[in-house]
J.: 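Provided herewith is a single structure, encoded as structure tokens, for subsequent inquiry.
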Amino acid sequence: MEGASVDMDPELARQLFFEGATLVFLGVPEGSEFGIDCNSWQVGPRFRGVKMVPPGVHFVHYSVKRKDGAASETGPRTGIFLHLEQKEIRLLHWNPQDELMVPAPEEEAEKLREQLTSLDPFLGPYPYESLRCWVSLSSHINKEVIGRLQPVCGNIYAFPEVLPTENMTHTEDRAKHNLPKYDSGCQSYKEGMSRLPLMKQKAGTEIRFSQLPAKLYPENATPAEVTKHSMDLSYALGCLLETNYPGQPLEVLAELQFSFVCFLLGNVYEGFEQWKGLLNLLCRSETFALQQPDLYSEVISILYHQLAQVPTDFFIDIVSQDNFLTSTLQHEALPW
């Protein structure tokens, strides 16, 4: 694992080796990209995992090297949020068929404890110089948050598998929807698009983000109230919190961080959209900000650390060409 930090006092390293958690990854293809938190490396022939991992929440991410691709070509990224205890050993095996890291049973992982010293030369040390950065991005994420937001399948995919909403393999299936035969000519772009099957994400792979309010104002609102609630989104934010975090408004900060990590480190565009939606609600809720100054102090701190990690070309990249941050932050509802 190239680039791992090795400059550490030997006695401290020994203590961290036995007190910290250990992640063992067996069978990862050489040349793949592997990362934990804000760090990533190219996997070498001796790689078996990471040692001296501080207890708490971590985000492991990897991209497998393509068999027939160029030397540096890797597939889409897959990520896993983990919560590790002190001295815990977590073992994962590479599944070449599904191109996934599969967790081993706890008993199998515990059997490695006696072999830990012999595994030492094959384990890269956790880079403690980057720990402050990771903590600033994940300070509100805990074990319960991971259990609530992480997909049921346990993996976060940059490009999840999609399936057709219904089977249309036979001519009669297409006839039910007034669709022409597969081999008939296409007369226009619009017709071509209409022939494509409706797709949905495979069940169990969805990140379980909160549903953002579709309506910004109450039922039967007057025109004046519609205008008011469209300018000050406190009502919509209140609905979101009441539905997903009743009595615990600060919990939304964990989702704000979770979605940002999914986007920044997991390459998940859906994470960017959720982060953007939450930020828009928080920054345009003036009345709510005056009622929750503690929450907004944390929002400002979180946003400060997140923007420090955003690439320098973020504002001119095609993904963010509408400059949503500029317009959103102009509305930021400061409580003082």
Side-chain angles (χ1 to χ4, degrees), residues 32-35 57-64 66 73-83 92 94-103 138 141 143-170 173-174 176-177 179 182 189-190 192-215 236 239-240 243-245 251-252 254-281 317-322 324:
S32 297
E33 182 185 312
F34 172 87
V57 169
H58 296 281
F59 185 67
V60 171
H61 43 95
Y62 55 89
S63 304
V64 65
R66 291 301 189 194
E73 186 180 346
T74 57
R77 184 168 289 187
T78 302
I80 317 168
F81 274 97
L82 300 173
H83 183 274
L92 295 94
W94 175 252
N95 181 326
Q97 184 176 353
D98 298 327
E99 295 191 342
L100 288 174
M101 297 304 305
V102 180
S138 62
I141 304 174
K143 189 175 184 179
E144 290 70 32
V145 171
I146 294 172
R148 184 174 68 248
L149 297 179
Q150 188 150 256
V152 174
C153 70
N155 295 306
I156 293 173
Y157 299 101
F159 295 102
E161 185 179 351
V162 292
L163 302 170
T165 55
E166 54 185 304
N167 242 339
M168 286 198 290
T169 52
H170 304 292
D173 297 326
R174 297 182 64 79
K176 288 178 188 176
H177 296 269
L179 293 173
Y182 279 113
Y189 174 78
K190 185 178 179 181
M193 292 300 292
S194 69
R195 290 193 192 187
L196 294 175
L198 293 174
M199 309 295 283
K200 63 178 179 180
Q201 196 167 325
K202 184 179 179 181
T205 64
E206 310 94 336
I207 303 174
R208 292 173 286 176
F209 288 133
S210 302
Q211 186 72 40
L212 299 178
K215 229 175 186 180
C239 290
L240 173 79
T243 302
N244 299 281
Y245 306 106
E251 291 294 308
V252 74
E255 187 168 346
L256 187 68
Q257 289 187 325
F258 191 98
S259 56
F260 184 79
V261 169
C262 287
F263 166 59
L264 182 74
L265 302 178
N267 296 346
V268 179
Y269 185 71
E270 184 191 356
F272 172 71
E273 288 295 328
Q274 185 71 6
W275 176 67
K276 184 169 70 168
L278 289 172
L279 201 55
N280 182 55
L281 281 176
D317 187 82
I318 190 169
V319 171
S320 51
Q321 60 187 344
D322 56 357
F324 90 95

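Throughout, residue positions are numbered sequentially from 1 according to the sequence presented. Predicted model, so just to flag it, every value in this text is computed and none were measured.
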J.: Do the ring centers of F81 and F258 come within less than 6.0 Å of each other?
T.: yes

J.: Relative to each other, are the rings of Y62 and W94 parallel, tilted or perpendicular (30° and 60° limits)?
T.: perpendicular

J.: Kindly compute the distance separating OG (S259) from CG (L149), expressed to the nearest 0.5 Å.
T.: 8.5 Å

J.: Looking only at non-hydrogen atoms, find the nearest pair between G271 and C262 and report the distance.
T.: CA-CB, 4.4 Å

J.: Taking it one step at a time, do E255 and V145 satisfy side chain to side chain contact (heavy atoms under 4.5 Å, CB included)?
T.: CA-CA 8 Å; E255 187 168 346; V145 171; over 6 Å; no

J.: Restricting to non-hydrogen atoms, name the atom on A158 and the atom on V268 that form the minimum distance, rounded to 0.1 Å.
T.: CA-CG2, 4.1 Å

J.: Has the side chain of N95 got a donor or acceptor atom that lies under 3.5 Å from a matching backbone atom of Q97?
T.: yes

J.: Please work out which of the three classes, parallel, tilted or perpendicular, describes the rings of Y269 and F272, given edges at 30° and 60°.
T.: tilted

J.: What are the two closest heavy atoms between P164 and K200, and how far apart are they?
T.: O-CE, 4.4 Å

J.: List the steps and the verdict of side chain to side chain contact (heavy atoms under 4.5 Å, CB included) for Y157 and N155.
T.: CA-CA 6 Å; Y157 299 101; N155 295 306; 3.4 Å; yes

J.: Could you pull out the closest heavy-atom pair between L163 and K202, with the gap in Å?
T.: CD1-CG, 4.0 Å

J.: May I have the step-by-step check of side chain to side chain contact (heavy atoms under 4.5 Å, CB included) for F59 and S138, ending in yes or no?
T.: CA-CA 9 Å; F59 185 67; S138 62; over 6 Å; no

J.: Please check if any side-chain donor atom of E161 sits under 3.5 Å from a side-chain acceptor atom of T205, or the reverse.
T.: no

J.: A side-chain contact here means heavy atoms from C-beta on lying under 4.5 Å apart; do I80 and L92 qualify?
T.: yes

J.: Please report the closest heavy-atom contact between Q150 and R208, naming both atoms and the distance.
T.: O-NH2, 2.5 Å

J.: Please check this pair: side chain of R77 against backbone of H61, looking for a donor-acceptor N/O pair closer than 3.5 Å.
T.: no

J.: Do I156 and T78 have side chains that approach each other closer than 4.5 Å (heavy atoms only, starting at C-beta)?
T.: no

J.: Are R148 and E251 packed together at the side-chain level, in the sense that at least one heavy-atom pair is separated by less than 4.5 angstrom?
T.: yes

J.: Minimum heavy-atom separation for E270 to I207, with atom names?
T.: OE2-O, 4.0 Å

J.: Check side-chain contact (heavy atoms from CB on, under 4.5 Å) between L212 and all other residues, then give those that pass, not counting sequence neighbours.
T.: L240, Q274, L278, L281

